[in-house]
Number of protein chains: 2
Amino acid sequence: MSIDHIVLGLISLNPCSGYDMKMEFEQGGAGMLSALSFGSIYPHLKQMEQDGLVAAVQADENGRRKKVYELTAQGWEELSDWLEQRPAYPIPMRDDLLLKMLFWGTAGEEREKLITHLQVRRTESNDLLNYIRDWQSNGKSFVDEYTELVLTYIQTRMEAELNWIEKAIEQLKGEPHLPVQDPHWLSVLQKARKNRALMREESTQEE
Amino acid sequence: MSIDHIVLGLISLNPCSGYDMKMEFEQGGAGMLSALSFGSIYPHLKQMEQDGLVAAVQADENGRRKKVYELTAQGWEELSDWLEQRPAYPIPMRDDLLLKMLFWGTAGEEREKLITHLQVRRTESNDLLNYIRDWQSNGKSFVDEYTELVLTYIQTRMEAELNWIEKAIEQLKGEPHLPVQDPHWLSVLQKARKNRALMREESTQEE
DNA sequence: TGCATCATGTAAAATGTTACATGATTGG
DNA sequence: CCAATCATGTAACATTTTACATGATGCA
């Protein structure tokens, strides 16, 4: 997969300009699956035009100069080739909240703070879920059978996340659990390690 | 969030070397949330040592030279600061399969091929799910209450995905649906656009 | 008139990956 | 003894974002 394929796909839905694409990423449906900046979009379009994948038509919409791109035969070809290729398995999502939770215990952070993080996430995910629900019946966007399946996927994923958040918050409001599995006694050693580091700091400052 | 924070977190779990971290990303639990290469890990560790966030101890494990890193007081501090900061909302996941589905209709691809893609994905996701289930009771890895919640999250997400795949395959085996929402008649215009592009190609070749 | 939005583009800076170089040790 | 794995590191390369430059139009 590459940016070029996403660009090709967007144009296949509807001929559009670089600016239109950016809007699609920021406010449209494509934004849920990818993000792209102007500094990336324009040079790519330029290159793709040189390669004969897309063709620009100088269009003037409401008197505003605009370069609207359409796919060439070669562009349709390339898009089709990509679609048929076996999709790459998604690379791990770098999720700040989850990553923090992984280290929450050893760093000895307060449970209350983590609950707050989860509540914030709940609000944000809920907003996004509502946005997607609106989106597929907003009367403006193109939604075919395949798009609908993608939207269902994202909704399902969001709903599963919200359920999990609810349960996680409930659990964290209760008493802390002991480690489930800790064959090397890391949770025990960890406190000593941290204290040692802090001690060393003190003695250095005393010098 | 940055790589430094992930590195700090990994060391907080257990003092380790650059090589250990890579292994953790490839085969351990951290790999589900992030990926990192040697070319990224080593320079970062070097920089972080200079900045006083970590300290290297020349350790020899089984006669093999090894640089094991431990957090300094400043390192613990920095980790703690990051953990308390409001987590960034995860950036859109660039999922090849979903992206392809978004463009499947306009490109006029065959439904059978998409079903195959979904079946492959089902197998891969199923393998990953089994791996995670094993992981939390493999007798080797550290799993505390927070880690367990993260693992539950990933499992929930995977199960939701597998359910969705099942339903999607069923639907695609049936008759195609008409677009749910298409205010600008894109699906109608699209065929003409593609044909026009292909025609132009032919006439060019004839010259 | 002046600010927000539309619209395109470039160059510098940041960031990360791939490929390579190096060398020790374990196990078949 | 030779291949695989352990282990660290660098430099070239690829890619992307950020910041900046430019200019037109709509509207208050």
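We use all heavy atoms of the structure for the numbers below, so side chains are in, but hydrogens, waters and symmetry mates are not. Computed from a predicted model, the values in this text were never measured in an experiment.
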Given dT16(D), dT10(C), dC6(D), which nucleotide is nearest the side-chain atoms of Ile3(A)? dT16(D)

Would you mind reading off the distance between Gln47(A) atom CD and dT16(D) atom C1', rounded to a whole angstrom? 16 Å

Taking CZ from Phe25(B) and C1' from dA7(D), how many angstroms apart are they, rounded to a whole number? 17 Å

Nearest to the side chain of Leu36(A), heavy atoms from C-beta on, is which of dT10(D), dT17(D), dA7(D)? dT17(D)

Choosing from dT17(D), dG9(D), dA7(C), which nucleotide comes nearest the side chain of Asp20(A)? dA7(C)

Lys/Arg-Asp/Glu bridge criterion (N-O < 4.0 Å) met for Arg200(A), Glu70(B): no

Starting at atom NZ of Lys66(B), determine the distance to atom P of dT8(D), rounded to an integer number of angstrom. 7 Å

Can you figure out which of dC6(C), dT5(D), dT10(D) approaches the side chain of Tyr19(A) most closely? dC6(C)

Ranking Lys46(B) and Ile41(A) by the position along DNA chain D of their nearest nucleotide, the one closer to 5' is Lys46(B)

Distance check needed: dA7(C) C1' versus Glu26(A) CD, whole Å only. 14 Å

Options dT8(C), dG9(D), dT18(C), nucleotide nearest the side-chain atoms of Ser37(B): dT18(C)

Closest to the Phe38(B) side chain: dT8(D), dT10(C), dT8(C)? dT8(D)

Can a side chain N or O of Lys22(B) be found less than 4.0 Å away from OP1 or OP2 on dC6(D)? no

Please tell me which of the listed nucleotides, dG9(D), dT10(C), dT16(D), lies nearest to the side chain of Ser40(A)? dT16(D)

Arg65(B) CZ to dC6(D) C1', in whole Å, measures 10 Å

Please work out if Gly18(B) contacts a base, only the sugar-phosphate, or nothing of the nucleic acid, heavy-atom cut-off 4.0 Å. sugar-phosphate

Please determine, for the side chain of His44(A), which listed nucleotide (dA7(D), dT16(D), dT8(C)) has the closest atom? dT16(D)

Do His5(A) and Glu78(A) have side-chain atoms, one donor and one acceptor, less than 3.5 Å apart? yes

Any luck finding a side-chain donor-acceptor pair between Ser80(A) and Glu109(B) under 3.5 Å? yes

Integer-rounded Å distance: dT8(C) C1' and Met23(A) CE: 12 Å

To the nearest angstrom, the OH-P distance between Tyr69(B) and dA7(D) comes to 14 Å

What is the distance, rounded to the nearest whole Å, between atom NE2 of His5(B) and atom C1' of dT15(C)? 16 Å

Considering only side-chain heavy atoms of Lys67(A), which listed nucleotide, dG9(C), dT10(D), dT17(D), is closest? dG9(C)

Counting heavy atoms not belonging to Glu124(A), are there more than 12 under 6.0 Å from its CD? yes

In Thr116(A), Asp96(A), Asn126(A), Asp95(A), the residue satisfying side-chain hydrogen bond (donor to acceptor under 3.5 Å, both in side chains) with Arg121(A) is Asp95(A)

